[in-house]
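If you read the sequence from its start, that first residue is 1, and numbering goes on from there. Bear in mind the structure is a predicted one, so any value in this text is a computation, not a measurement.
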Amino acid sequence: GVKRAITQLGREDGFNKDPSVRILVPKQLRKLSDTARQLGAGKKVDQFELSMNRAAEKAIPAAADIFADAVRQMTVQDAIDIVRGDEDAGTRFFRRVTEDKLRAKFMPIVADATAKAGVTKRYKEMAGKNSGLTKLLGGGESIDLDRYVTDEAMDGLYHYVSEQEKDIRKNPMKRSSDLLRKVFGK
């Protein structure tokens with residue numbers, strides 16, 4: 001399920017064309033982005049959103065090794081708790097043991113991708129130089145854009161890991177390995 005989620009999200013338009021996980025302008029900037037659209041700058045807002053989604057798509061493949069390590073470090077009790085647990089027990093386990101490592105791995109990838117994206121780079125520069133103006137326009141504190149995109153990427157990944165887990169538990173055809181068929185076969 002993890003592999004499928006990484007494959008689905010870690011490609012071009014994995015986030016951008018998926019309404020379930022698409023990364024939108026941060027809530028704190030929605031008034032500003034709505035105003036920009038009304039003033040004819042909708043294309044810039046779209047480019048900004050696209051750059052955030054592209055950054056998330058670039059970060060996702062780095063999750064594979066972190067999840068593989070989590071599986072290797074799983075205890076027998078962890079496995080029992082997952083098998084006997086709720087329909088998202090495995091996802092909650094993965095979130096608990098991978099979240100900090102994922103954030104540390106994703107953040108530099110996201111920062112690099114957003115630094116290279118023109119409209120996102122301009123937002124970051126404006127936020128850094130004009131934090132007072134950014135707070136005024138955004139209606140709150142300036143936003144750590146890289147943290148925002150990283151958190152959204154992680155939420156999207158865990159969303160699809162959870163969806164895959166639910167499918168594996170409910171649908172015998174989704175149990176694609178002998179181990180899954182043995183564990184969830186009953």
Side-chain angles (χ1 to χ4, degrees), residues 1-64 66-67 88 91 94-95 98-167:
V2 168
K3 183 179 178 184
R4 284 188 195 129
I6 290 170
T7 301
Q8 179 178 341
L9 295 174
R11 60 180 168 75
E12 187 169 303
D13 289 329
F15 275 85
N16 189 54
K17 297 267 175 138
D18 186 333
S20 297
V21 294
R22 186 168 194 274
I23 301 172
L24 303 173
V25 170
K27 288 179 185 177
Q28 303 92 313
L29 297 176
R30 298 254 168 92
K31 278 186 186 178
L32 179 62
S33 68
D34 291 345
T35 302
R37 287 186 190 284
Q38 291 170 353
L39 297 173
K43 188 173 182 179
K44 292 285 185 194
V45 175
D46 293 341
Q47 290 172 344
F48 179 51
E49 287 184 345
L50 178 62
S51 71
M52 291 187 297
N53 284 278
R54 290 291 186 253
E57 293 159 4
K58 285 184 176 147
I60 289 296
I66 293 169
F67 277 94
D88 67 341
T91 304
F94 280 125
R95 186 164 208 140
T98 64
E99 190 167 35
D100 292 340
K101 290 176 185 170
L102 280 179
R103 184 171 287 108
K105 191 79 162 181
F106 282 11
M107 191 74 84
I109 298 168
V110 167
D112 182 59
T114 59
K116 290 177 181 172
V119 70
T120 309
K121 182 179 178 182
R122 285 192 293 277
Y123 167 78
K124 289 165 111 176
E125 289 169 355
M126 181 191 76
K129 292 176 186 171
N130 304 301
S131 61
L133 177 61
T134 305
K135 289 178 187 178
L136 176 68
L137 293 174
E141 294 184 28
S142 64
I143 298 149
D144 179 343
L145 194 60
D146 296 331
R147 173 83 181 209
Y148 171 74
V149 173
T150 296
D151 288 348
E152 291 291 304
M154 290 170 46
D155 286 347
L157 178 58
Y158 291 124
H159 167 77
Y160 275 111
V161 169
S162 177
E163 292 297 309
Q164 292 294 325
E165 179 181 4
K166 290 173 189 171
D167 279 352

Calculate, to the nearest 0.5 Å, the distance between atoms [atom1] and [atom2] belonging to [X] and [Y] respectively.
X	Y	atom1	atom2	result
Arg103	Thr150	CZ	OG1	8.0 Å
Asn16	Leu50	CG	CG	5.0 Å
Gln8	Glu163	CD	CD	9.5 Å

For residues [X] and [Y], determine if any side-chain heavy atom of one lies less than 4.5 Å from a side-chain heavy atom of the other.
X	Y	result
Arg22	Lys17	no
Val2	Tyr160	no
Tyr148	Met52	yes

Residues two or more places apart in sequence or in another chain: which of them pass side chain to side chain contact (heavy atoms under 4.5 Å, CB included) with Ala63?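 Here the qualifying residues are Ile6, Phe67, Leu102, Phe106, Leu157.
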
Side chains of residues 34-42: which donor-acceptor pairs under 3.5 Å do they make with residues two or more places apart or in other chains?
{"unit_1": "Thr35", "atom_1": "OG1", "unit_2": "Lys31", "atom_2": "O", "d": "2.9"}
{"unit_1": "Arg37", "atom_1": "NH1", "unit_2": "Asp46", "atom_2": "OD1", "d": "2.9"}
{"unit_1": "Arg37", "atom_1": "NH2", "unit_2": "Asp46", "atom_2": "OD1", "d": "2.9"}

Could you tell me which non-hydrogen atom of [X] sits nearest to which non-hydrogen atom of [Y], and how far apart they are?
X	Y	value
Ala111	Asp146	CB-OD2, 3.4 Å
Gly156	Phe15	CA-CE2, 4.1 Å
Leu24	Glu49	CA-OE2, 3.5 Å
Pro26	Phe48	CD-CE2, 4.2 Å
Val149	Ala55	CG1-CB, 4.1 Å
Ile60	Ala153	CD1-O, 3.8 Å

Counting only heavy atoms from other residues, nucleotides and ligands, does the tally under 6.0 Å from NZ of Lys101 exceed 12?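 Open: at most 12 neighbouring heavy atoms sit under 6.0 Å from NZ of Lys101.
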
Under the side chain to side chain donor-acceptor pair (under 3.5 Å) test, which residues partner [X], sequence neighbours left out?
X	result
Thr91	Glu165
Glu12	none
Tyr158	Thr98

[X]: what forms a salt bridge (Lys or Arg N to Asp or Glu O under 4.0 Å) with it, not counting sequence neighbours?
X	result
Asp88	Arg92
Glu57	Arg54
Lys116	Asp112
Arg11	none

Salt-bridge present (Arg95, Asp155; N to O < 4.0 Å): yes

Please answer whether the main-chain N or O of Ile23 pairs with a side-chain N or O of Asn53 as donor and acceptor at a distance below 3.5 Å. yes

